[in-house]
Each structure stands twice: as structure tokens, then as C-alpha cells.
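All values derive from a computational prediction rather than experimental measurement.
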Amino acid sequence: MRRLLATTLLCLAALSSRANAGAPPALEPLVPEVAEHPYRLAPGARPFAERIAVSPAFGRFGGDDLFSVMLAYNPESWLGYEASLSHTPGRAVHAALHSLSVIVRRPLPGRFQPYASAGYGMLVVYPGQAVNAIAVTKNALAVGGGMEMYIRSDLALRLDARHATVFGEQRDRQGLVAYPYLQGTIGLSFYRSITP
């Protein structure tokens with residue numbers, strides 16, 4: 001019985017060593033300091049200059065669902081430019097909102113980074129399956145701000161709220177009519193430096 005147990009243990013040890021010999025090498029992190037302490041932030045103000053950010057988000061535009069993706073470029077630590085493409089699905093009609101915004105901030109030490117934004121865009125309302133209808137394009141202005149909470153140095157949770165004004169017409173009324181909407185989103189911001 002002892003001989004059988006010893007033989008079984010030796011066979012298992014041999015199989016284990018063969019399995020480990022063919023195992024791939026351990027993964028090497030691209031940024032070793034992030035691998036050692038993934039949720040630690042470097043001291044001082046957050047670095048924004050010469051960085052890009054991609055932010056997928058979900059939220060509301062007025063009373064409708066809103067799905068957005070934003071791409072931001074920060075030439076300076078206090079200034080950023082952001083392009084966004086958003087979609088509001090609907091049954092009878094759906095809309096696409098694309099805009100360009102300016103983001104202004106004062107970089108702070110710590111995880112919480114507030115910002116202010118202002119932008120211009122176009123709202124395109126598609127008729128969906130409505131009969132004899134065409135797409136309508138309207139100008140839109142948006143002013144607001146938000147907060148980023150950094151999870152680690154290259155990833156932040158983003159909350160954004162803007163007051164959007166869409167300019168259109170109303171039946172039996174002359175001139176432009178301003179339609180106000182509240183736009184709010186929550187998403188993630190993935191930051192990457194574009195300088196070596």
C-alpha cells in the first residue's frame with residue numbers, strides 16, 4: 001500500500017513538473033508602478049496636459065435614454081476640447097446629437113476633479129417609421145459641468161450634467177423657439193498620455 005501511494009505521488013509530481021514546463025511565462029505589466037499599487041494616485045495635481053480621454057456614458061436627455069461616447073484632447077492642464085456623439089433611441093422617432101465642447105478645469109490633488117463645459121452641436125431627429133416624414137436638424141447649445149472621480153491614474157468615474165437648449169420652430173408661431181432639456185450622464189473616462 002505504501003509503495004502504491006509513493007508511486008502515485010511520484011507520478012503526480014512528474015506530471016505537474018511537465019505541465020509547468022510548458023506553461024507560458026508570467027505576464028509583464030506595461031506600467032510596473034500601476035501593477036504594484038493599482039489604486040494609488042501620484043501626489044500633486046492630476047496631469048491633464050497632452051492627454052486624451054475616451055468616455056463611454058449612459059444617461060438621460062430630457063425624458064429619454066441617452067447613449068454617448070466622448071473623445072477629449074487636453075492641450076493644456078486647464079483646457080480641453082471634447083467631441084461627442086450621442087444617440088437617443090425611440091419608438092416613433094430617435095435622435096442623434098453630435099457636439100463640440102470646451103472643458104475648463106483647475107487640476108486639484110486627490111481623486112475628485114470638477115470641471116465646467118460649454119459647447120455647440122446639432123440635433124438630428126429621425127422619423128423612424130413615420131409615414132411621409134423627413135429628418136429634422138436643429139442647432140443646440142449646452143452649458144454645464146461635471147465631476148471625475150479617479151479610481152486610478154488612468155481611469156475615472158465621470159458624472160456630467162448640462163443644460164441643453166435646442167432651437168426650433170413651433171406651428172403658428174413666427175421666429176425661433178428655444179426648447180430646454182436637461183442632459184445627464186454617468187460613465188468612465190480612460191486617459192492616455194500622447195507624449196513619451
Minimum side-chain heavy-atom gap [X]-[Y] below 4.5 Å:
X	Y	value
L155	F190	yes
H98	V124	yes
F167	V177	no
H94	T88	no
Y191	R51	yes
S117	R162	yes
R60	L66	no
L79	V102	yes

Using the benzene-type ring in the case of Trp, are the ring centres of Y81 and Y73 under 6.0 Å apart? no

Evaluate the ring planes of F61 and Y181, with Trp represented by its six-membered ring, and classify them as parallel (under 30°), tilted (30 to 60°) or perpendicular (over 60°). parallel

Please report the C-alpha distance between W78 and V104 in whole Å, then the side-chain angles of each, then the deciding distance to 0.1 Å, and finally whether the side-chain contact (heavy atoms from CB on, under 4.5 Å) criterion is met. CA-CA 6 Å; W78 60 274; V104 178; 4.3 Å; yes

Compare every heavy atom of [Y] with every heavy atom of [X], then report the nearest pair and how far apart it is.
X	Y	result
A45	P107	CB-O, 3.8 Å
A96	Y126	CB-CE1, 4.1 Å
G80	N74	CA-OD1, 3.3 Å
L97	A140	CD1-CB, 4.3 Å
T165	A178	CG2-CB, 3.6 Å
S77	F48	O-CB, 3.6 Å

Let me see the working for H87 and F67 under ring-ring contact (aromatic ring centres under 6.0 Å, His included), right down to the final yes or no. CA-CA 5 Å; H87 180 250; F67 301 93; 7.3 Å; no

Under a 3.5 Å distance rule, please check whether Q113 uses its side chain to pair with a backbone N or O of G110 as donor and acceptor. yes

I'd like to know if the side chain of R46 reaches the main chain of R111, judged simply by a donor and an acceptor atom lying under 3.5 Å from each other, with no hydrogens or angles considered. no

Quick one: which of R158, E148, E82 gives a side chain to side chain donor-acceptor pair (under 3.5 Å) with Y115? R158

Are [X] and [Y] connected in the hydrophobic side-chain network, where two residues link if heavy atoms are under 4.5 Å apart?
X	Y	result
I103	M70	no
Y179	V125	yes
F58	L188	no

Given the rule in the side-chain contact (heavy atoms from CB on, under 4.5 Å) test, do F112 and M147 qualify, once you have shown the distances and angles that lead to the verdict? CA-CA 7 Å; F112 295 96; M147 175 76 70; 3.8 Å; yes

Could you tell me the separation between the [atom1] atom of [X] and the [atom2] atom of [Y], rounded to the nearest 0.5 Å?
X	Y	atom1	atom2	value
S101	L141	OG	CG	10.0 Å
I52	S189	CD1	OG	12.0 Å
S193	D154	OG	CG	11.0 Å

Tell me yes or no: between the side chains of S68 and S84, is some donor less than 3.5 Å from an acceptor? no

Chi angles and distances behind the side-chain contact (heavy atoms from CB on, under 4.5 Å) call for T195, E50: CA-CA 7 Å; T195 56; E50 297 298 324; 3.6 Å; yes

For I186 and L157: C-alpha separation, side-chain torsions, deciding distance, then whether side-chain contact (heavy atoms from CB on, under 4.5 Å) applies. CA-CA 8 Å; I186 182 170; L157 179 67; 4.2 Å; yes

